[in-house]
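Here's the structure, in structure tokens; my notes come after.
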Amino acid sequence: MTTQRTNPNGSDTNAQVSEPNAKGSRAAGSQNKLLALLAAITLIAAACGSSADSVTDAASDTSDGAGLTDNATSGGDAEESFVETDDFEEEAMGDEEEAMEDEEAMEDEDSGADAFVPERSSDDEESALVEEFRASGDAEQAIAQGEGGGLFGTVDPAELDEEPVVNPRNSDPRFTDYGIRTFIDTRFDPFSTFSLDVDTGSYTVGRNFVEQGQLPPRESVRVEEYVNFFDYGYDAPRDGLDVQVDGGPSPFDDDTWLVRVGVKAAEIEADERQPVALTFVVDTSGSMDSPQRLGLVKESLTLLVEELDRDDTVAIVTYSGDSGIILEPTEIRDRDEILDAIDGMRAGGSTNLQSGLRAGYDLARDAFREDGVNRVIVASDGIANAGVTNADDLAQQLRRDADAGIGLVTVGYGLNGFNDTTMEQLADQSDGFFAYVDSIDEAERLFSEDLTSTLITAAIDAKVQVAFDLAVVDEYRLIGYENRAVRDDDFRNDDVDAGELGAGHQATAIYEVVFDRDITIDDRAELGIVNLRWQDPNTGEVIEIDEDIDMRDLDARWVDTSTSFQQATVVAAYAEVLRDNPYADDVDLDALAQEADSLARRIDTDEFDAFADLVEIASDLSR
């Protein structure tokens, strides 16, 4: 049951302070598994007369890529300490050297023993049984064994390929690695607090990489932006925000469960929206000189102008080495003048983003409408090589305008050289959101189909705090939102900046949880409470609601979960694999592609059909 509290003063009441996390226990478990594997490899190598050096090479191979370390913090919230994926390699190698010393001693003791022959495990026996069923064409029996296609063996299987090995990818300085969230022991910190995010740019950037034949840089993958790209059909409230909860089995570990927290903003019909004053700040530097950059910007803005009402206004600033106004604030009734200005933009010169933003915001202040919505829309590849080029420094200049009611939307274009960090951080720190346009179809979705969500604000400073019950949940990890962390004791501090949701926007957060050993999915237990807090943009009233997470919200079997939950889970799993998260090591891209294809047949939308094709391509690229 959802309850609501309002706080017109925005004062800090019942603020929760968590203790620092002392240890990421699941990370330690992963290292124990590694040591056990090394011990087995060494025994086999000893029997075959192999040298210890060959085991060292094998161990080195297993440590390539991402991993986790124990997550100790010196203060603050346990969730605020993230682990960069490269950090594991150095520690893992140290553990391997210790293991090698122990294994050499074992070799000396066992030097006269018979050759070691591993027995066939029960897993191997089950796999052999499944192969027998497949050979006989009995797919139903294979599925009954839990070994059909898809993530949970519930998809009618064609012959499954061998598990692909993900090719290593070099880091990319255009993107920021925010690390990965580890499992948090509820005894140290039962509270998970973060700012909501409705950005989708990371997904379309990744889509563009895959469609051009390469896996995206792992730093480019922000899981929440992949998940939030899709519509999950949450029920819209009459006003403000609402929250709903469900869950089911996890594809990452047989012993964990997923809990999905869905937030939906009230919808506003297009004919009910306020008038808008838009200022386009368009990058016309030399790097934008291509059909997929400035050419696509022109098409995008033309689409947007066609959707606006007669009393709305548009102004345009362009920038390269310097900035210039090519269109003063002009009402849409003078459409031809606006379209001529858009068509006349030409690329050339260096990139002074600072100059463009300054001129754009000066113009936006001149065109400000007290009775309407005021937005600056930056269209750029994010490259800044003149003036102030640091994203944080640029964003600090815009904070005051955001507080005064001028929001920012950053829209990225182009791939080679595209600076994701600049575009994402500018939006995040300016009460706006970041999108990436890789095609005219994406431009139509952003500027035509979702125009009201793009322009009209439904909630300011939206934050979530989940309080887990220590008697029910042992550990949890929030999947994604690494750069959206909010200190637990700042949840009710309304001076702390958080996320903005547009009308009809939705945001999804997924937790992976470990139950207490005495708790099962069949118990009538309560996992915790979701608290959602935001400020009404029209009245300034601070509102807080909460929703219980009941065990009855979770389904025990994958096939019983909603199609919407399965869709969010598959998208999250895909993103986790792309960013080489060790928690997703057991997720097979071929199985994921099968699951996505099966879901696409039921969901039947262009967006998810394209996603299913994307996963199949990524699976091929990963071999």
Side-chain angles (χ1 to χ4, degrees), residues 178 193-207 220-237 239-244 260-268 273 373 375-378 395 402 407-412 420 423-437 442-443 445-464 478-486 497-510 530 532-537 543 564 567-568 571-572 575 607 611:
Y178 295 105
T193 311
F194 62 96
S195 165
L196 283 177
D197 178 27
V198 294
D199 291 355
T200 59
S202 178
Y203 173 75
T204 43
V205 167
R207 180 176 68 190
S220 75
V221 179
R222 294 182 291 274
V223 179
E224 68 277 9
E225 296 184 29
Y226 277 59
V227 173
N228 286 333
F229 180 86
F230 297 94
D231 182 7
Y232 301 107
Y234 299 141
D235 294 333
D239 52 52
L241 306 179
D242 199 11
V243 61
Q244 63 187 62
R260 179 177 65 157
V261 177
V263 175
K264 177 77 173 181
E267 297 174 345
I268 298 176
R273 71 166 173 82
V373 176
R375 287 282 184 275
V376 171
I377 299 177
V378 176
L408 178 66
V409 177
T410 61
V411 185
D420 172 86
M423 300 297 280
E424 193 253 349
Q425 284 301 304
L426 283 176
D428 287 353
Q429 299 181 39
S430 307
D431 283 350
F433 72 93
F434 162 56
Y436 177 86
V437 171
E442 182 61 20
R445 188 186 76 87
L446 180 65
F447 292 128
S448 181
E449 298 169 16
D450 296 343
L451 179 63
T452 302
S453 297
T454 301
L455 299 180
I456 309 300
T457 302
I460 297 173
D461 290 338
K463 292 175 280 190
V464 169
L478 174 59
I479 300 176
Y481 288 90
E482 280 83 6
N483 67 334
R484 299 288 180 161
V486 174
D497 187 50
E500 178 182 286
L501 271 73
H505 264 154
Q506 60 180 18
T508 299
I510 300 175
V530 179
L532 173 63
R533 186 180 180 89
W534 74 94
Q535 182 181 21
D536 185 290
I543 302 168
S564 169
Q567 180 183 9
V571 174
E607 289 80 10
F611 171 78

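Throughout, numbering of the chain's residues begins at 1 and tracks the sequence.
Residues satisfying the ring pair (Phe, Tyr, Trp, His ring centres under 6.0 Å) criterion with F434, sequence neighbours excluded, are absent altogether. Scanning for salt bridge (Lys or Arg N to Asp or Glu O under 4.0 Å) contacts around E224 gives an empty result, with sequence neighbours left out. Applying the salt bridge (Lys or Arg N to Asp or Glu O under 4.0 Å) test to E607 and every residue at least two apart in sequence or in another chain returns nothing. Under the rule for a ring pair (Phe, Tyr, Trp, His ring centres under 6.0 Å), the partners of F230 that lie at least two apart in sequence or sit in another chain are Y203, F608, F611. Partners of S202 according to the side chain to side chain donor-acceptor pair (under 3.5 Å) rule, which considers only residues two or more places apart in sequence or in another chain, do not exist here.
Of all non-hydrogen atoms in G499 and S195, the two that sit nearest each other are N-OG, 2.8 Å. The two residues A507 and Y234 come nearest to each other via the heavy atoms O-CE1, 4.2 Å. Listed here is the closest heavy atom pair of E442 and V437: CG-CA, 4.0 Å. Nearest heavy-atom pair, L426 versus L408, reported as atom, atom and distance to 0.1 Å: O-CD2, 3.6 Å. A pairwise comparison of heavy atoms in A265 and A458 identifies CB-CB, 3.9 Å as the closest pair. Considering every non-hydrogen atom in both G432 and D199, the closest pair reads O-OD1, 4.4 Å.
Note that CE of M423 is 4.5 Å distant from OG1 of T410, once rounded to the nearest 0.5 Å. How far NE2 of H505 is from OG1 of T457: 9.5 Å, rounded to the nearest 0.5 Å. Note: D231 CG to F229 CZ = 11.0 Å, rounded to the nearest 0.5 Å. In this structure, CG on L478 lies 9.5 Å from CD1 on I510, to the nearest 0.5 angstrom. The structure places NZ of K264 at 9.0 Å from CG of D235, a figure rounded to the nearest 0.5 Å.
At a threshold of 4.5 Å between non-hydrogen side-chain atoms, the residues T508 and R260 count as touching. The shortest distance between side-chain heavy atoms of W534 and D461 does not fall below 4.5 Å. L446 is listed as a side-chain neighbour of V411, based on a closest heavy-atom distance under 4.5 Å. Looking at heavy atoms from C-beta onward, F433 lies out of side-chain contact with T200 at the 4.5 angstrom threshold. Side-chain atoms of V409 and V376, non-hydrogen and from C-beta on, never get closer than 4.5 Å to each other.
The side chain to side chain contact (heavy atoms under 4.5 Å, CB included) test with V263 is passed by exactly one of D242, L501, V530, V198: L501.
Under the 6.0 Å distance and 45° angle rule, R222 does not count as a cation-pi partner of Y481.
Using a 4.0 Å cut-off between a side-chain N of Lys or Arg and a carboxylate O of Asp or Glu, K463 and D497 do not qualify as a salt bridge.
Judged purely by atom type and a 3.5 angstrom limit, T204 uses its side chain to pair as donor or acceptor with the backbone of Y436. Under a 3.5 Å cut-off, the side chain of S564 and the backbone N or O of Y232 do form a donor-acceptor pair. D536 places no side-chain N or O within 3.5 Å of a backbone atom of I543 that could act as its donor or acceptor partner.
Counting only residues at least two apart or on different chains, the salt bridge (charged side-chain N to carboxylate O under 4.0 Å, His left out) pairs with a member in residues 498-510 are R375-E500.
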